[in-house]
Amino acid sequence: MNQHFTHPGLLRRLASLCYEALLLGAVLLVAAALFTPLVVWSGNARWMSVLMQLFLALVMFGYFGYCWTRGGQTLAMKPWRLQLTLADGGALRWPHAAMRFVVALVLYLGVPALAYTAWQPLFDSRQHAMAVALLWDVLPVLWALIDNDKQFLHDRLAGTRLRLLPPLARKR
């Protein structure tokens, strides 16, 4: 079926994810700083807020899509020797990157948002409803514990996989 892959461990993937969050935070801060003058200039905060969120989502997709289609590695994946490929080992193209990005957005943002909206009337405080809704963010990660190929749920659904690259040869 597939060529042989070395599966990266869960801790390695989570460490890369934490590093990715730091890098992505910096990218989004710069993007927001570039967009903020438009918000101030427009005077209509409601529609500009929606436009800014769309802009930031586009920036995130641009960052991930560019990295994933140019070697399968984001900046955070390189030191952890992780590479994103198609399930058959092929390189990602933009449609594959878009699929993975959308699936991840739905799993990590959409489902918890729906859960929060549905459960908020059942709890005394919004914090309790938020805590329960955010538990949904753990499920796609825990999926790796039961998946035959140790993949996260968004990779399984998008037809992609993370693999561990061999260590680089040391120079003498």
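Heavy-atom basis, side chains included; hydrogens, waters and symmetry copies ignored.
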If you group Ile, Leu, Val, Met, Phe, Trp and Tyr by side-chain heavy-atom gaps below 4.5 Å, do [X] and [Y] land in one group?
X      : Y      : result
Leu142 : Leu157 : yes
Leu165 : Leu92  : no
Ile146 : Leu14  : yes
Leu134 : Val111 : no
Met60  : Trp94  : yes

Dump the intermediate steps for side chain to side chain contact (heavy atoms under 4.5 Å, CB included) on Tyr19 and Trp80, then the final yes or no.
CA-CA 10 Å; Tyr19 187 21; Trp80 293 99; 4.1 Å; yes
Minimum heavy-atom separation for [X] to [Y], with atom names?
X      : Y      : result
Leu23  : Tyr63  : CD1-OH, 4.4 Å
Gln120 : Ala129 : CA-CB, 3.6 Å
Asp137 : Pro112 : OD1-CG, 3.2 Å
Leu82  : Arg12  : CD2-CD, 3.7 Å
Asp147 : Asp149 : OD2-N, 2.8 Å
Asp88  : Gly90  : OD1-N, 2.9 Å

Could you tell me which residues satisfy salt bridge (charged side-chain N to carboxylate O under 4.0 Å, His left out) with Arg81, sequence neighbours excluded, listed by chain and number?
none
To the nearest 0.5 Å, what is the distance between [atom1] ([X]) and [atom2] ([Y])?
X      : Y      : atom1 : atom2 : value
Lys78  : Cys67  : NZ    : SG    : 7.0 Å
Phe55  : Leu38  : CZ    : CG    : 8.5 Å
Trp143 : Gln151 : CH2   : CD    : 12.0 Å
Leu11  : Leu17  : CG    : CG    : 12.5 Å
Gln53  : Leu58  : CD    : CG    : 13.5 Å
Met77  : Phe64  : CE    : CZ    : 9.5 Å

Within a radius of less than 6.0 Å around CG of Leu135, do more than 12 heavy atoms belonging to other residues, nucleotides or ligands occur?
yes
Heavy-atom count around Met99 CE within 6.0 Å, excluding the residue itself: above 12?
no
Is any side-chain heavy atom of [X] less than 4.5 Å from a side-chain heavy atom of [Y]?
X      : Y      : value
Val103 : Leu107 : yes
Tyr108 : Val141 : yes
Leu84  : Arg161 : no
Thr36  : Met52  : yes

Do Arg100 and Trp68 meet the cation-pi criteria used here (NZ or CZ under 6.0 Å from the six-membered ring centre, within 45° of the axis)?
yes
Any idea how Phe101 and Phe61 line up, ring-wise: parallel (<30°), tilted (30 to 60°), or perpendicular (>60°)?
tilted
Between Leu10 and Phe152, does the side chain to side chain contact (heavy atoms under 4.5 Å, CB included) criterion hold? Intermediate values first, please.
CA-CA 9 Å; Leu10 184 59; Phe152 288 146; 3.6 Å; yes
The test is side chain to side chain contact (heavy atoms under 4.5 Å, CB included); show your working for Phe123 and Met130 and say whether it passes.
CA-CA 10 Å; Phe123 290 93; Met130 182 63 76; over 6 Å; no
Side chain to side chain contact (heavy atoms under 4.5 Å, CB included) between Leu56 and Phe35, worked out:
CA-CA 9 Å; Leu56 293 177; Phe35 198 89; over 6 Å; no
Taking atom types as modelled, find out whether Gln83 and Arg163 have a side-chain donor-acceptor pair closer than 3.5 angstrom.
yes
